[in-house]
Amino acid sequence: MPELPEVEVLRRSLQRRVIGRRIEHIAVHDERLREPVRTHQLAARLSGRRIVALRRRAKYLLLDVERGNTLVIHLGMSGRVTLVGSDEPREAHEHVAFLLDGGKRLRLRDPRRFGLVFAASTEGLENDRHFAGLGVEPLGPELSGSALASAARGRKAPVKSFLMDGRAVVGLGNIYATESLFRAGIHPRRSVARMSRQSWTELARAIRAVLKQAIEEGGTTLNDFTDGAGKSGYFQVSLAVYGREGDPCPRCGRPVRRIVQSGRASFYCPGCQR
DNA sequence: CGGGCGGCCTGGAGGC
DNA sequence: TGCCTCCAGGCCGCCC
């Protein structure tokens with residue numbers, strides 16, 4: 001489900017309400033996520049400690065707690081984190097819950113169980129196997145046309161796969177890779193070996209613009225994404241081509257096409273994207 | 001090593 | 001109504 005904008009919207013919506021809260025208890029109802037949830041490790045690193053910061057790296061939500069530990073949450077395809085009252089009944093697929101002081105509960109619901117929850121030392125977290133090898137943050141200062149171009153050196157992959165695999169730039173999944181390529185006027189099948197300097201620059205600019213707008217609009221709610229308070233996003237109405245096969249291109253009016261690239265749907269305008 | 005594909009899961013949508 | 005198939009926002013491991 002969630003790509004960078006959704007995780008960022010979640011982070012912002014939770015930030016003010018969980019900073020300073022103490023984690024009093026951790027309830028693991030189902031440990032069978034992408035990797036087995038290590039209940040004891042969560043308790044040892046997090047229990048009794050206050051949350052001091054909320055950060056995001058790629059599509060991971062990071063909750064730093066006192067004494068140098070971090071709770072790492074990845075939402076996979078169907079994960080959803082919300083802050084509710086502690087007396088709220090457990091909902092279906094609520095696999096992990098963090099009881100906070102002040103009568104609150106931070107809950108993780110994840111029907112497909114592709115999500116991930118673990119705790120680790122804050123220091124050196126960037127060297128953890130989940131983070132090592134990730135590319136630059138698209139909204140940070142490092143993203144540029146030349147950064148993308150140099151990451152593409154020696155590669156031949158289609159530019160859409162290149163955007164989605166996270167080695168050059170992180171945070172783009174199927175929706176935002178698709179929308180960024182539309183905005184930059186680049187065909188999703190174009191090989192990264194055949195990109196001009198100008199195209200790389202336009203692509204970097206398009207990525208930033210698309211992600212920023214999506215965050216401002218509260219993320220994309222196709223099925224059930226919500227922020228930490230349960231609020232839906234509305235970027236889905238701003239999608240130009242994603243999920244719009246046959247609809248007129250908002251720029252030139254030609255029908256949007258759907259193709260499949262390495263098992264994933266891609267959408268593009270045959271007139272605007274070459 | 002790069003690139004493509006299947007697998008991991010469940011639920012919702014659509015066809016019959 | 002029910003049953004079946006297909007599809008889904010991510011990621012990893014395996015294969016060539």
Side-chain angles (χ1 to χ4, degrees), chain A residues 1-10 29-37 56-61 72-81 91-96 108-118 128-135 138 151-181 188-194 207 210-211 214-215 217-227 232-246 258-267:
Chain A
M1 166 172 52
E3 304 180 31
L4 182 149
E6 289 74 37
V7 180
E8 181 61 21
V9 165
L10 173 64
H29 303 292
D30 191 339
E31 64 189 21
R32 298 170 303 158
L33 298 187
R34 193 169 89 219
E35 297 171 15
V37 178
R56 180 192 54 72
R57 170 69 173 127
K59 299 170 190 167
Y60 294 86
L61 179 67
V72 180
I73 299 177
H74 191 285
L75 300 176
M77 290 277 262
S78 58
R80 179 165 166 179
V81 169
E91 65 181 349
H93 307 291
E94 179 177 336
H95 303 315
V96 184
L108 171 66
R109 169 193 140 94
D110 185 4
R112 291 172 73 180
R113 293 192 276 110
F114 290 166
L116 181 63
V117 176
F118 67 97
D128 179 276
R129 66 188 164 86
H130 299 93
F131 300 98
L134 290 183
R153 211 149 289 150
R155 299 187 55 181
K156 297 174 181 176
V159 62
K160 181 174 179 241
S161 311
F162 173 83
L163 290 182
M164 283 181 66
D165 78 16
R167 284 184 283 170
V169 57
V170 299
L172 298 168
N174 208 20
I175 292 177
Y176 297 108
T178 295
E179 291 293 308
S180 297
L181 288 168
R189 282 217 232 262
R190 168 119 53 108
S191 165
V192 295
R194 295 181 21 248
I207 289 168
V210 166
L211 295 181
I215 291 168
E217 297 185 3
T220 300
T221 300
L222 291 186
N223 273 321
D224 62 355
F225 166 75
T226 66
D227 70 9
S232 294
Y234 53 96
F235 188 72
Q236 61 275 12
V237 306
S238 299
L239 295 172
V241 290
Y242 183 87
R244 302 205 187 281
E245 181 184 19
R258 180 186 190 273
I259 57 175
V260 174
Q261 291 181 273
S262 46
R264 314 297 301 276
S266 287
F267 302 86

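Here is how names work: the chains are called A, B, and so on, in the same order as the sequence lines, proteins then strands, and each is numbered from 1.
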Rounded P spacing from C/dC12 to B/dG11 in Å: 24 Å
Protein-nucleotide distance (A/Phe225, atom CZ; C/dA8, atom C1'), rounded to Å: 16 Å
Pair A/Phe235 + A/Tyr242: ring centers closer than 6.0 Å: no
Parallel, tilted or perpendicular, as decided by the 30° and 60° cut-offs, for the rings of A/Tyr60 and A/Phe131: tilted
Residue-phosphate contact under 4.0 Å: A/Arg112 side-chain N/O, C/dG9 OP1/OP2: no
Span that lies between the P atom of B/dC9 and that of C/dC3, in whole angstrom: 24 Å
Each stem that DNA chain C is part of, given as range with range (3 or more consecutive Watson-Crick or G-U pairs, under 3.5 Å): B:2-8 with C:10-16, B:10-16 with C:2-8
Separation of atom CZ in A/Arg109 from atom C1' in B/dC9, rounded to whole Å: 14 Å
Atom of A/Pro158, atom of A/Pro188 and distance for their closest heavy-atom approach: CB-O, 3.7 Å
When you compare the protein's N or O atoms with those of nucleotides 4-7 of chain C, which come within less than 3.5 Å of each other, and at what distance?
none

A/Lys59 vs C/dG9: side-chain N/O to OP1/OP2 distance below 4.0 Å: no
Minimal non-hydrogen separation, A/Arg56 against A/Leu4, with atom names: NH1-CD1, 3.2 Å
A/Phe114 ring over C/dC11 six-membered base ring, under 5.5 Å and 30°: no
Sugar-phosphate only, base, or nothing, as touched by A/Tyr176 at under 4.0 Å among non-hydrogen atoms: nothing
A/Arg167: partners by salt bridge (charged side-chain N to carboxylate O under 4.0 Å, His left out), with sequence neighbours left out: A/Asp165
Rounded distance in Å between the P positions of B/dC5 and C/dC7: 15 Å
Distance in angstrom units between A/Asp110 CG and C/dG9 P, rounded: 15 Å
Set of side chain to side chain donor-acceptor pair (under 3.5 Å) partners for A/Ser161, sequence neighbours left out: none
side-chain contact (heavy atoms from CB on, under 4.5 Å) involving A/Val9 - partner list, sequence neighbours excluded: A/Ile215, A/Phe225, A/Asp227
Short side-chain N/O contact from A/His74 to OP1 or OP2 of C/dC11, under 4.0 Å: yes
Strictly under 3.5 Å: I want the nitrogen or oxygen pairs between protein and nucleotides 13-15 of chain B, one per line.
none

A/Asp30 CG - B/dC9 C1' separation (whole Å): 11 Å
Nearest heavy atoms of A/Glu3 and A/Ile175, plus distance in Å: OE2-N, 2.9 Å
Partners passing salt bridge (charged side-chain N to carboxylate O under 4.0 Å, His left out) against A/Glu217 (at least two apart in sequence or in another chain): none
Closest heavy-atom pair and its distance - A/Gly115, A/Asp110: N-OD2, 2.8 Å
Between P of B/dG12 and CG of A/Leu222, the distance in whole Å: 15 Å
Chi angles and distances behind the side-chain contact (heavy atoms from CB on, under 4.5 Å) call for A/Ile259, A/Arg189: CA-CA 10 Å; A/Ile259 57 175; A/Arg189 282 217 232 262; 3.8 Å; yes
For A/Arg153, salt bridge (charged side-chain N to carboxylate O under 4.0 Å, His left out) partners two or more places apart: none
Separation of atom CG in A/Leu116 from atom P in B/dC8, rounded to whole Å: 18 Å
Listed partners of A/Arg34 passing salt bridge (charged side-chain N to carboxylate O under 4.0 Å, His left out), at least two apart: none
Euclidean distance, atom CE of residue A/Met164 to atom C1' of C/dC11 [Å, nearest integer]: 10 Å
Which atom pairs link the protein and nucleotides 3-7 of chain B when you take only N or O atoms and keep those under 3.5 Å?
residue, atom, partner, partner atom, Å
B/dG3, OP1, A/Lys156, N, 2.5
B/dG3, OP1, A/Ala157, N, 2.7
B/dG3, OP2, A/Arg155, NE, 2.7
B/dG3, OP2, A/Arg155, NH2, 2.9

Distance in Å, A/Gln236 CD paired with A/Thr221 OG1, rounded so as to fall on 0.5 Å steps: 5.0 Å
Distances for protein N or O near nucleotides 12-16 of chain C N or O, under 3.5 Å:
none

Non-hydrogen atoms of A/Phe162 and A/Ala168 that approach each other most closely: CZ-CB, 3.4 Å
Rounded interatomic separation in angstrom, taking CG from A/Leu239 and P from C/dG9: 12 Å
Smallest separation among heavy atoms of A/Glu179 and A/Val241, with atom names: OE2-N, 2.9 Å
ring-ring contact (aromatic ring centres under 6.0 Å, His included) partners for A/Phe118, two or more places apart: A/His130
